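Here is the structure we will look at, set down as structure tokens.
Everything numeric here is computed off the predicted structure, so don't read it as measured data. Position 1 is the first residue of the sequence; numbering continues from there.
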Amino acid sequence: MTTTSTTSTTSTTSTAFTAGGALADRLTELGRLKELAQEGPDPKATERQHAKGKLTARERIELLLDKGSFTEVEQLRRHRAQGFGLEARKPYTDGVITGWGTVEGRTVFVYAHDFRIFGGALGEAHATKIHKIMDMAIAAGAPLVSLNDGAGARIQEGVSALAGYGGIFQRNTKASGVIPQISVMLGPCAGGAAYSPALTDFVFMVRETSQMFITGPDVVKAVTGEEITQNGLGGADVHAETSGVAHFAYDDEETCLAEVRYLLSLLPQNNRDLPPVVPSSDPADRLGERLLDLVPADGNRSYDVRGVIEELVDDGEHMEVHAAWAPNLVCAFARLDGHVVGIVANQPAALAGVLDIKASEKGARFVQFCDAFNIPLVTLVDVPGFLPGVDQEHEGIIRRGAKLLYAYCNATVPRISVVLRKAYGGAYIVMDSRSIGADISLAWPTNEIAVMGAEGAANVVFRREIAAADDPEAMRRRKIEEYREELVHPYYAAERGLVDDVVDPRETRRVLCRSVAMLAAKHAELPRRKHGNPPQ
């Protein structure tokens with residue numbers, strides 16, 4: 001962890017207050033001190049920030065919150081550290097701006113590192129301000145957004161700075177599942193500091209200007225001999241596509257913060273509230289004629305399931321989470337007749353929609369978040385199974401695939417599943433089947449729910465008959481058709497009560513909207529326990 005050479009010209013003598021004087025003098029003095037805190041260090045520091053393509057902390061807060069709604073906390077806070085020249089450099093705010101405001105009229109707490117002061121590095125006073133605003137957010141039951149742009153721990157303050165991070169991590173964990181926590185990466189985040197964003201619910205990053213890593217390029221080169229840039233090691237696209245650390249990545253801060261606002265508009269204030277409901281001009285009973293063309297009846301043909309989602313949800317609007325990571329599973333927030341839902345869908349356009357290690361972990365995390373914050377789940381199923389392979393097995397597809405199974409089984413929010421086409425084997429069970437607790441299980445007439453595809457099943461079940469036949473290929477085709485007619489037809493599961501209804505694809509939106517409304521008052525309780533022990 002490093003600090004920066006950025007300095008502040010503000011000193012203890014330049015801000016000394018007068019011991020006496022009339023109230024008018026005191027008010028003048030107060031105004032002068034607050035002006036110093038608002039302006040920050042010398043204008044050159046602001047120019048340097050803008051030259052990097054980055055906004056200042058206060059500019060970011062203005063974009064995030066409703067205009068004029070921000071109330072700052074501990075604006076005049078200064079550090080008390082001594083040595084290494086710190087006693088002569090005691091700027092107000094100590095490099096972090098904390099407070100609360102509103103997003104679309106609802107309270108949101110925020111803290112923003114000010115890179116112009118000590119490079120945004122964390123010291124004791126800096127950390128204490130963050131601890132206070134986190135405690136306030138938890139007590140008030142409102143979301144917390146961190147705008148991260150800091151150079152790590154303040155080396156000059158030693159272990160006091162490290163202890164400050166410990167307090168942040170402890171509060172991140174305490175707030176988990178209680179209030180939504182969003183981390184917005186707008187600059188560097190290195191070393192132990194990177195663990196706070198990892199403990200929050202969503203991580204936003206901006207390309208080129210934000211990076212996250214535990215050990216920087218210099219350390220990597222010294223230890224392994226590998227040469228890599230900061231962006232190549234921990235840039236936005238790396239974490240959005242490869243590591244899965246970032247849920248969203250954008251080209252500029254303005255777009256990024258606008259999307260944070262949009263996400264907040266979809267989320268409840270805390271785990272005791274329901275997501276906000278907004279009136280919808282999109283009729284709940286609208287027929288989805290396009291669905292007949294979007295999804296091919298032939299199970300071997302691919303399609304983009306996002307087209308199906310757009311046809312089903314209000315006005316076609318949805319916010320996809322982890323869009324670039326594990327693309328064979330789509331996770332998204334959307335609305336159905338004004339009600340927020342979380343959508344989990346297999347993506348046939350990527351790896352045929354199979355479940356693998358990354359997709360399972362992605363889905364599990366999303367399902368757990370929705371369950372924690374009372375967001376109903378809609379699962380669109382078109383899955384040929386789990387991805388086979390030595391690497392998958394050796395890297396733990398059993399325990400890591402079980403994460404998604406655990407998340408669904410543990411979820412008490414309304415759960416609705418729709419089998420669009422294929423639903424084979426264990427992957428069918430995992431994708432919120434009736435057997436693991438789905439409240440409503442639907443299927444299209446194109447569904448194939450079975451242990452495996454008819455071709456593979458026939459080769460196993462009828463292998464002796466096929467081998468003994470005069471024309472093995474003709475016998476194989478005949479047995480495939482026989483197996484399909486007996487066990488893989490669209491109504492087999494419905495006849496056994498494993499599917500509540502086989503619906504016309506065009507009426508899916510209407511059925512989903514009615515189902516979400518019916519389940520709005522669902523109440524379910526898990527057995528008493530301190531907490532579960534999910535597979536890791």
Using atom types as modelled and distance alone, determine if a side-chain donor or acceptor of Arg60 lies under 3.5 Å from a backbone N or O of Leu55. yes
Report the C-alpha distance between Glu317 and Arg335 in whole Å, list the side-chain angles of each, state the deciding distance to 0.1 Å, and finish with yes or no for salt bridge (Lys or Arg N to Asp or Glu O under 4.0 Å). CA-CA 8 Å; Glu317 294 183 359; Arg335 282 190 168 95; over 6 Å; no
Is the closest basic N to carboxylate O distance between Lys129 and Glu74 below 4.0 Å? no
Would you say the ring centroid of Phe333 lies under 6.0 angstrom from that of Phe366? yes
Option from Val295, Asn447, Asn300 for which side chain to side chain contact (heavy atoms under 4.5 Å, CB included) with Arg421 holds: Val295
Polar side-chain atom of Arg434 near backbone of Ala438 as donor-acceptor pair, under 3.5 Å: yes
Are the charged groups of Glu72 and Arg58 less than 4.0 angstrom apart, N to O? yes
For residues Leu420 and Val381, determine if any side-chain heavy atom of one lies less than 4.5 Å from a side-chain heavy atom of the other. no
Give the table of side-chain donor-acceptor pairs shorter than 3.5 Å for residues 201-212, with sequence neighbours excluded, one pair per line with atom names and distance.
| residue | atom | partner | partner atom | Å |
| --- | --- | --- | --- | --- |
| Asp201 | OD2 | Gln181 | N | 2.8 |
| Arg207 | NE | Asp237 | OD1 | 2.8 |
| Arg207 | NE | Asp237 | OD2 | 3.3 |
| Arg207 | NH1 | Asp251 | OD1 | 2.9 |
| Arg207 | NH2 | Asp237 | OD1 | 3.4 |
| Glu208 | OE1 | Asn231 | ND2 | 3.4 |
| Ser210 | OG | Met185 | O | 3.4 |
| Ser210 | OG | Val206 | N | 3.0 |
| Ser210 | OG | Val206 | O | 2.6 |
| Gln211 | NE2 | Glu208 | O | 3.2 |
| Gln211 | NE2 | Asn231 | OD1 | 3.2 |

Any Leu387 side-chain heavy atom under 4.5 Å of Ile397 side chain: no
For Asp285, does its backbone N or O pair with a side-chain atom of Arg510 as donor and acceptor, under 3.5 Å? no
Side chain to side chain contact (heavy atoms under 4.5 Å, CB included) partner of Pro143, chosen from Val260, Leu264, Ile179, Val110: Leu264
Residues passing the salt bridge (charged side-chain N to carboxylate O under 4.0 Å, His left out) test with Asp66, sequence neighbours excluded, are Arg261
Given the rule in the salt bridge (Lys or Arg N to Asp or Glu O under 4.0 Å) test, do Arg116 and Glu47 qualify, once you have shown the distances and angles that lead to the verdict? CA-CA 10 Å; Arg116 302 172 304 166; Glu47 292 174 7; over 6 Å; no
I'd like to know if Lys422 and Asp382 make a salt bridge, using a cut-off of under 4.0 Å between side-chain N and carboxylate O. yes
Looking at Tyr492, is Arg496 sitting on its ring face, NZ or CZ under 6.0 Å from the six-membered ring centre and within 45 degrees of the normal? yes
Just by distance, do the side chain of Gln347 and the backbone of Val305 share a donor-acceptor pair under 3.5 Å? yes
Under a 4.0 Å N-O cut-off, is there an ion pair linking Asp439 with Arg415? no
